[in-house]
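Note: hydrogens, waters and symmetry copies are ignored here, and every other heavy atom, side chains too, is used.
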Amino acid sequence: MPPSLLLSQDSPECPFTPTTHIQGAVTPVSDPSSVPRPYSILSSAANDKSSSPNGMGEGDDLDIIDHGLLSLGDVNKLLDVFRNSLVDHFPFVVLSPSATAESLRRQSPFLFLAIMAAVAFENSPLQRHLGNEIKKQIASRIILGTEKNMDLLQGLLVHMAWYHYFVRLQKQQMFLILQLCITLVQDLGLHRSPKDNKHSFCLDPRRTSQTTRNPAEKRALLGVYYLSATYATASRKQSLMNYSKYMEECCQSLTEDNEFPSDRWIKPFIQLQVLSRRISDGFCYDDTGNSELHGEAAVKMATDGFRHELDHLKAASSHKVTENSALCLDFLFLDVWIHEVALHDEFWPIPDQYFSTGPISQSPSSGRSFSFTRTNMLWHNLVTTKMYLETFLSTPTSHLFHLLFSSWSKLCYILVVQAKIVFFGSESSSDNEHRRNHQSSGNKLEMTFWDTTLANKEAEMPKLCAMLQDQIASITSNLVSVEGDRDVMYQLGFLIKSMMAGYERRLKRIHKPNVDRIEDTRNQTASRSQNAATGTFYISATAQVESGKEGTNSVEGGSAFGAPPDLSQELFEDFIWGTMLDDFTMMPTV
């Protein structure tokens, strides 16, 4: 095995060891390796240096069995994990009960490699090695070899669905992989009904004579749409693929035929993504400044309409929601997505008659005034984000490995939205200045004020995030390659810990005298600007292990992390806090 797969025996302990909370105390588990890990079936062959894939020819494809990375028995067990567990989260690529490791690796070698990479989450160095092999095959087979077949399309779908296992910040290629998926769909002619082939262009002459599509092709088409929609939502961009009448027909036929148990999830998953794109387009979330929707009445009408559609979908899928945790989380996410509009000032022009001649509230925790409609939406989203976190925390530990990249991205979004809502009232308010300029208007209608202290108490964000860090700690591996790469859960835990450290410091600043708060804000902004100007974006540094360096424990439930060498711990955490709240996403999506 190449050196990059060898595990360092001197790795520092995982900074997210599960903890016991006793009246504010944090007691780390002494032996993180004693935490039970699901699917302990990776063969010792994966640690056999004599079976190195380095002996392959430069253009050869990696076969993990032939090169001794995994045994045939272990591979079949991993296939069962994919077949029985992962497909419930992504039902667009399925394996028949009769499919074996031997048959799959011969008939669909790229799909086989992508599945093995997705389920090898116990051994992150091996998983990253398989991910690198996938990139090599993409280059050799698709780019250079111009191959176009279902094996490549299905493999790309699996790889992108669980892409968080392979992502490297500032080096991720999700957009490129998505474009390749769409290109393959177009070249294979899967985007149109076979009845319309006379109007379409297909590079595969064998498909021009087809009168029907097989279920695997229909699932692949819907899978590409699903990933296109989730990527567009996460990155706040226009979708690269529109929902069509033919896609709706594919959804219906797969649901009616119900060839596999996982087919029942396809329709609700797709329907939620269709609604998600309509919400994004309706509120112009990719560019809120150019939205044509303005004013309380218009916003409330649009919000009520989308909420009615969501309730209708939930009622139609009520028996399914309780059986699929990913589906349940998606419904909660869309509820937050609908009401996010309350956070954007562009949608809420405040007419003069809403301002009072009374004194401005001087409470340090209530600085902004809102209409009752907007306040209700903000509070609704505060409660819904809390429900989302509580639902996520109830997910069994073993199931966390099955979550898609989009699921983790949505978790980060929920955390950012909740933090924005809690501190929304503490920001400098242009409408308060507007009120002072209209003291002579004679209008008496009062508006509501946002209380940050009350919002923080309701959200319980520090408590929930401490529990979330413990949950992530239970699936964070201590395995480190000789290059110092840690698994993606380590990086995610680091981001949450740093964000919460900034959250708690911001909360303390709210109750400082105004002069101190202004000075603190100026210092924090200046520090972020200085780092941004020099290109010092240190999130990528969290993937590296710094032996012998320990930071301070700022948030209950999260163990210590060392800041980058040229930044103090507090400055680094404030930088992370500011960076996260500048946008609505944390995971790399562009």
Exercise. Any ion pair linking Glu259 and Arg219 (charged N to carboxylate O, less than 4.0 Å)?
Worked result: yes
Exercise. Between Thr395 and Ser325, do the side chains contain an N or O donor and an N or O acceptor separated by less than 3.5 Å?
Worked result: no
Exercise. What about the rings of His191 and Tyr246, do their centers lie closer together than 6.0 Å?
Worked result: no
Exercise. With Ser262, which residues qualify under side-chain contact (heavy atoms from CB on, under 4.5 Å), at least two apart?
Worked result: Val87, Asp88, Pro91, Val94, Phe260, Trp265
Problem set entry | SB check Asp80 Arg83 (cutoff 4.0 Å) | yes
Exercise. Using a distance-only test with no angle check, is there a side-chain donor-acceptor pair under 3.5 angstrom linking Arg277 and Thr233?
Worked result: yes
Exercise. Between Asp151 and Arg141, is the closest basic N to carboxylate O distance under 4.0 Å?
Worked result: yes
Problem set entry | Ser124 and Ser477: side chain donor to acceptor below 3.5 Å | no
Problem set entry | For Gln154 against Val93, the heavy-atom pair lying closest together | O-CG2, 4.0 Å
Exercise. When you check the gap from the basic side-chain N to the acidic O, do Arg213 and Glu249 get nearer than 4.0 Å?
Worked result: no
Exercise. Would Trp337 and Tyr413 count as a close aromatic pair, with their ring centres under 6.0 Å?
Worked result: yes
Exercise. Any ion pair linking Asp66 and Arg105 (charged N to carboxylate O, less than 4.0 Å)?
Worked result: yes
Problem set entry | Ring centre gap for Phe269 and Phe90 strictly below 6.0 Å | no
Problem set entry | pair Lys410-Asp330: side-chain heavy atoms closer than 4.5 Å | yes
Exercise. Do Arg264 and Thr255 have side-chain heavy atoms sitting under 4.5 Å apart?
Worked result: no
Exercise. Got Leu157 and Val224 here, is their nearest side-chain heavy-atom distance under 4.5 Å?
Worked result: yes
Problem set entry | Donor + acceptor pair across side chains of Gln252, Lys267 (<3.5 Å) | yes
For this session: State, to 0.1 Å, how close Gln471 and Leu393 come at their nearest heavy-atom pair, and which atoms those are.
Result: NE2-O, 3.3 Å
Exercise. Heavy-atom distance under 4.5 Å between the side chains of Glu147 and Ile142, does that happen here?
Worked result: no
For this session: State, with a plain yes or no, whether a side-chain heavy atom of Phe92 is found less than 4.5 Å away from one of Tyr225.
Result: no
Exercise. Considering only heavy atoms from C-beta outward, does the side chain of Phe112 approach that of Arg106 to under 4.5 Å?
Worked result: no
Problem set entry | Non-hydrogen atoms of Met116 and Leu79 that approach each other most closely | CE-CD2, 3.6 Å
Could you tabulate the donor-acceptor pairs under 3.5 Å formed by side-chain atoms of residues 385-392, not counting sequence neighbours?
| from | atom 1 | to | atom 2 | distance (Å) |
| --- | --- | --- | --- | --- |
| Thr385 | OG1 | Asn381 | O | 2.9 |
| Thr385 | OG1 | Leu382 | O | 2.8 |
| Thr385 | OG1 | Gln418 | NE2 | 3.1 |
| Lys386 | NZ | Glu458 | O | 3.0 |
| Lys386 | NZ | Glu460 | OE1 | 2.8 |
| Thr391 | OG1 | Met387 | O | 2.8 |

